[in-house]
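Lettering of chains follows the sequences in order, A, B, ..., and the numbering in each one begins at 1.
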Number of protein chains: 4
Amino acid sequence: MSTAIMLIHCPDETGIILSVTDFISKNGGNIVDLDQHVDSERKIFFMRVEWTLDDFSIPRDKIGDHFDPLVANEYQMQYKIHFRDEKIRMALMVSKMDHCFNDILSRYRSGEWNVEIPLIISNHPDMEETAKRFDIPYHYMPMSKETKAEQEKKQLQLMLDHNIEFVVLSRYMQILSENFIEHYPNRIINIHHSFLPAFPGAKPYHSAHERGVKIIGATSHYVTAELDAGPIIEQNVAHVSHKDSVEDLVRKGRDIEKVVLSRAIWHHTNRCILSYANRTVIFE
Amino acid sequence: MSTAIMLIHCPDETGIILSVTDFISKNGGNIVDLDQHVDSERKIFFMRVEWTLDDFSIPRDKIGDHFDPLVANEYQMQYKIHFRDEKIRMALMVSKMDHCFNDILSRYRSGEWNVEIPLIISNHPDMEETAKRFDIPYHYMPMSKETKAEQEKKQLQLMLDHNIEFVVLSRYMQILSENFIEHYPNRIINIHHSFLPAFPGAKPYHSAHERGVKIIGATSHYVTAELDAGPIIEQNVAHVSHKDSVEDLVRKGRDIEKVVLSRAIWHHTNRCILSYANRTVIFE
Amino acid sequence: MSTAIMLIHCPDETGIILSVTDFISKNGGNIVDLDQHVDSERKIFFMRVEWTLDDFSIPRDKIGDHFDPLVANEYQMQYKIHFRDEKIRMALMVSKMDHCFNDILSRYRSGEWNVEIPLIISNHPDMEETAKRFDIPYHYMPMSKETKAEQEKKQLQLMLDHNIEFVVLSRYMQILSENFIEHYPNRIINIHHSFLPAFPGAKPYHSAHERGVKIIGATSHYVTAELDAGPIIEQNVAHVSHKDSVEDLVRKGRDIEKVVLSRAIWHHTNRCILSYANRTVIFE
Amino acid sequence: MSTAIMLIHCPDETGIILSVTDFISKNGGNIVDLDQHVDSERKIFFMRVEWTLDDFSIPRDKIGDHFDPLVANEYQMQYKIHFRDEKIRMALMVSKMDHCFNDILSRYRSGEWNVEIPLIISNHPDMEETAKRFDIPYHYMPMSKETKAEQEKKQLQLMLDHNIEFVVLSRYMQILSENFIEHYPNRIINIHHSFLPAFPGAKPYHSAHERGVKIIGATSHYVTAELDAGPIIEQNVAHVSHKDSVEDLVRKGRDIEKVVLSRAIWHHTNRCILSYANRTVIFE
């Protein structure tokens, strides 16, 4: 049994839920999940609705054609439709640090996520052997100031060729250009090794140690043009003490990073995230 | 602007959300919040919906009369309707320990909850002075094996007289009779000072210390006939170590107990809780 | 049975622990707790040692006279000696928000800490009634730009008169002058309602909501001349979601603030804290 | 620079710390870490002390010979000496579930722990391929009621042959015999997928779901003859809700299990753990 998932946002008005549920029911869909949220300050309505496709009378590629005139246009909706049984194509970018990378590949092989990873890109050769073991093509693409524009162009072409839906930066130590980011708005997930907005930029564990914090954290977020400032998806923390050296923070932090990044992938691939105003609505 | 809140559960079927939202919209209500859940194992549907009453055409006391034939009967719904602007009448029962008691009264006075506390009942005289400071009538009702039945009868009468909707046991060290509990099904909230189902019964911090656990917890739950086994509302924990004596566990535990109990009151008074099969659905 | 607690820091060298334990043992003290820490980067040694006074041959007020020539001078030690059975005199400063204030007074009355509170100072009259109930003199001292210097002078005199050892700012909404702070170095504890260094300054919950964080926090720290930048004592956090309005963050934050501030008081009054290089060593 | 670590416990008495530090100092050792704890109820003293070996005048294998007559015998000490620069030999036992297994091998390869893994034992063939990739010999030893005694004998021989110091059960789904356990007292680490003592035995996530808990957990502990009742090393938890199916609990639980097991290995291999009275003292 497959399902469709629709993510909607629009100006808040009376009757939206009724219109959407009416549309689904009248066409033979059975709603299996519905969650909504209103940003009452900004007067924006958000909704995630999932329904069965077995007896749904509209073919997948025609749902929009019917939904637009009957519902979406009236409420000035922006929406996306996804289907549970379609694997989501994910590109993985990595540099030298392998803890998130190994964790992602282990989860991938165990089938934790509904994804296909046809592509690993790295600015270093170090992870190639691991990629091979998982039978995933590894593209070693070194970056320098001079080659960056050219290399990014190739990377984008590769992603296009492989029909990539979203990109995961697994401690990828290169800043993506605005041009690159614009090709994947709210579809590039980064893990930052601090509790943002504390300690953006480089060496956050050093800064945390220097400041003497009693808690460290990690943050997964969508990448935007402004560094470490995109919509936050997930955060978690761990208690530390004066006994912890920078190396201890790095070690303890790795465990948080792995979980926080993997949860972001979980939310993204379950189509639970709506982004707006540099924030996320996450329908768990 | 006031709102109505409806809590519904019924066998899972197609079309329930549509029917309910249709009923509300057709009668002029604007849905401000809707959350639903399906227990797919037991095939039960749960829903919480909140709508504005300003332009709602049905008077409060007639909503059921209209809802039953049009919606509820068709789906064999069990439901309750609440109104945001009606203060909820709460009775507080306490023995000698005052940390939750003081915390509840502080929150009460600061207006954190939509409640009225017309009644404090205790089997000890110790808290009377504090009750006086908050101008809440304090009923000292000592309990012994012999007087229990009689005293409980008086307590129930007091609650009836004061139109009590729900009862909070703030470390009340008496086991309520089945008869008492039956008068307030899913309306008596207890705080147990352990992470249930670990360490039910008396002296859980002693047991936790003896077992050498590295985490302690507290659990708020609705009271049922079986001791410490009712539907769990909220749980939280704190890390402890070998350095912590039983007294340390008691001290650290108090901080958890206060928060866990107050959150249960928050959920209950916001009409977020549906209970079934000895579990809770909490629509946050 | 009373004990002495010595907090020591000095340049790291061989033989310090031996020298200190030798001093205590030779004079008849039995060590009941010893914890030490070396900042290996800065080469600083920290130690907290607690011993029984029953058979200790040196009178309390002469310990330093013996310790200096025999031990302290050799290692260039800075140290302080405290005695468990001496109540610590604490001043409480508060403005209008009462959640930490009520929580502190409840804990005070229940005897959780080894403190005496002879003095409450406020720039508003609001908390006077509560202070009365706890029989603590309340000094209403309104502050304006013009009167600040004068009022602080009076406050310092009051503290001197009452032999105050440390000050707790319970959401006291006035910035203390450098002069004031210098009178109580590492002896003024503040609660800041964010996970510092994120969101220093005013309205951190608003900033957190605006940024869309998924976790909020609170930080207790010693006050230094730079606002919200002093040595951190304790931090804690709570998970939040897109559903939480600023008001929800404020409400959830209150629960964290209370615990984080009270734990700082616990650590301070148990003589567990050493401060250096704008950080704290906390011997739990 | 290498160090020695001594773990001591004995009846609590005056002068122990002094005696030990004196012994180390007099022989040229510089103490780099010292932590102690007194179980005041049972009157037992615990200590972990680490010192440099550079100028230490006693050879490694003679330390005991000197320590016994000078210190240990006087205080009836039980103690163990370890050396930082000696790799600890660890055997890994696994069945079919691979999340902890993969996580352990990734950490192993990254050098997170001071261990050598010369040996993987499994009652299933499934993990052999992974073991090969890490170049670790994999012993497939199927178990049945009839063969259990014989197979365990072979396993013990294998461990003896490989000079194994401790064993990690990475979701190994076989109950070890008392005889097996006695060969490795407090040296077999198991991960149990619940917050013990809640939900011991099989299928704890199912039981947790059935009970409707709001928090799930995992526990690493030393294995003793009584199932799931050995000394607890580390515990951690995650919040869950009514939305989580058993499968969700299993998925969320995996993340906790990985961290809780790896931290137990960290503590064990850093020689931070003392066990007594079915509890652990963990000097972090």
*Asks:* Heavy-atom cut-off 4.5 Å, strictly under: side chain, backbone, both or neither for Phe199(B) against chain D?
*Replies:* side chain
*Asks:* Side chain from CB out, backbone as N, CA, C, O: work out which of these in Thr219(D) comes under 4.5 Å of a heavy atom of chain B, or both, or neither.
*Replies:* neither
*Asks:* With a 4.5 angstrom heavy-atom cut-off, which part of Glu210(D) approaches chain B: side chain, backbone, both or neither?
*Replies:* both
*Asks:* Given heavy-atom pairs under 4.5 angstrom as the criterion, report whether the side chain, backbone, both or neither of Thr280(B) touches chain D.
*Replies:* both
*Asks:* Got Val38(B) and Gln36(B) here, is their nearest side-chain heavy-atom distance under 4.5 Å?
*Replies:* yes
*Asks:* For Glu112(B), which residues count as a side chain to side chain contact (heavy atoms under 4.5 Å, CB included) partner, sequence neighbours excluded?
*Replies:* Arg107(B), Ser110(B), Arg251(C), Arg254(C)
*Asks:* In this structure, is the centre-to-centre distance between the rings of Tyr276(D) and His9(D) below 6.0 Å?
*Replies:* no
*Asks:* Looking at the rings of Tyr222(B) and His268(B), which for Trp means the six-membered one, are their centres under 6.0 Å apart?
*Replies:* yes
*Asks:* Is chain B contacted by the side chain of His239(D), its backbone, both, or neither, given a heavy-atom distance below 4.5 Å?
*Replies:* side chain
*Asks:* Does any heavy atom of chain B fall under 4.5 Å from the side chain of Asp39(D), the backbone, both, or neither of them?
*Replies:* neither
*Asks:* Could you have a look at Ala229(D), Ser241(D), Ala277(D), Pro231(D) and say which one has the most heavy-atom pairs with chain B under 4.5 angstrom?
*Replies:* Ala229(D)
*Asks:* Specify which of Asn278(B), Leu196(B), Val213(B), Val246(B) makes the most heavy-atom pairs with chain D at under 4.5 Å.
*Replies:* Val213(B)
*Asks:* Please work out whether the ring planes of Phe67(B) and Phe23(B) are parallel, tilted or perpendicular, with thresholds of 30° and 60°.
*Replies:* perpendicular
*Asks:* Only one of Val168(B), Thr224(B), Val223(B) passes side chain to side chain contact (heavy atoms under 4.5 Å, CB included) with Asn190(B); say which it is.
*Replies:* Val223(B)
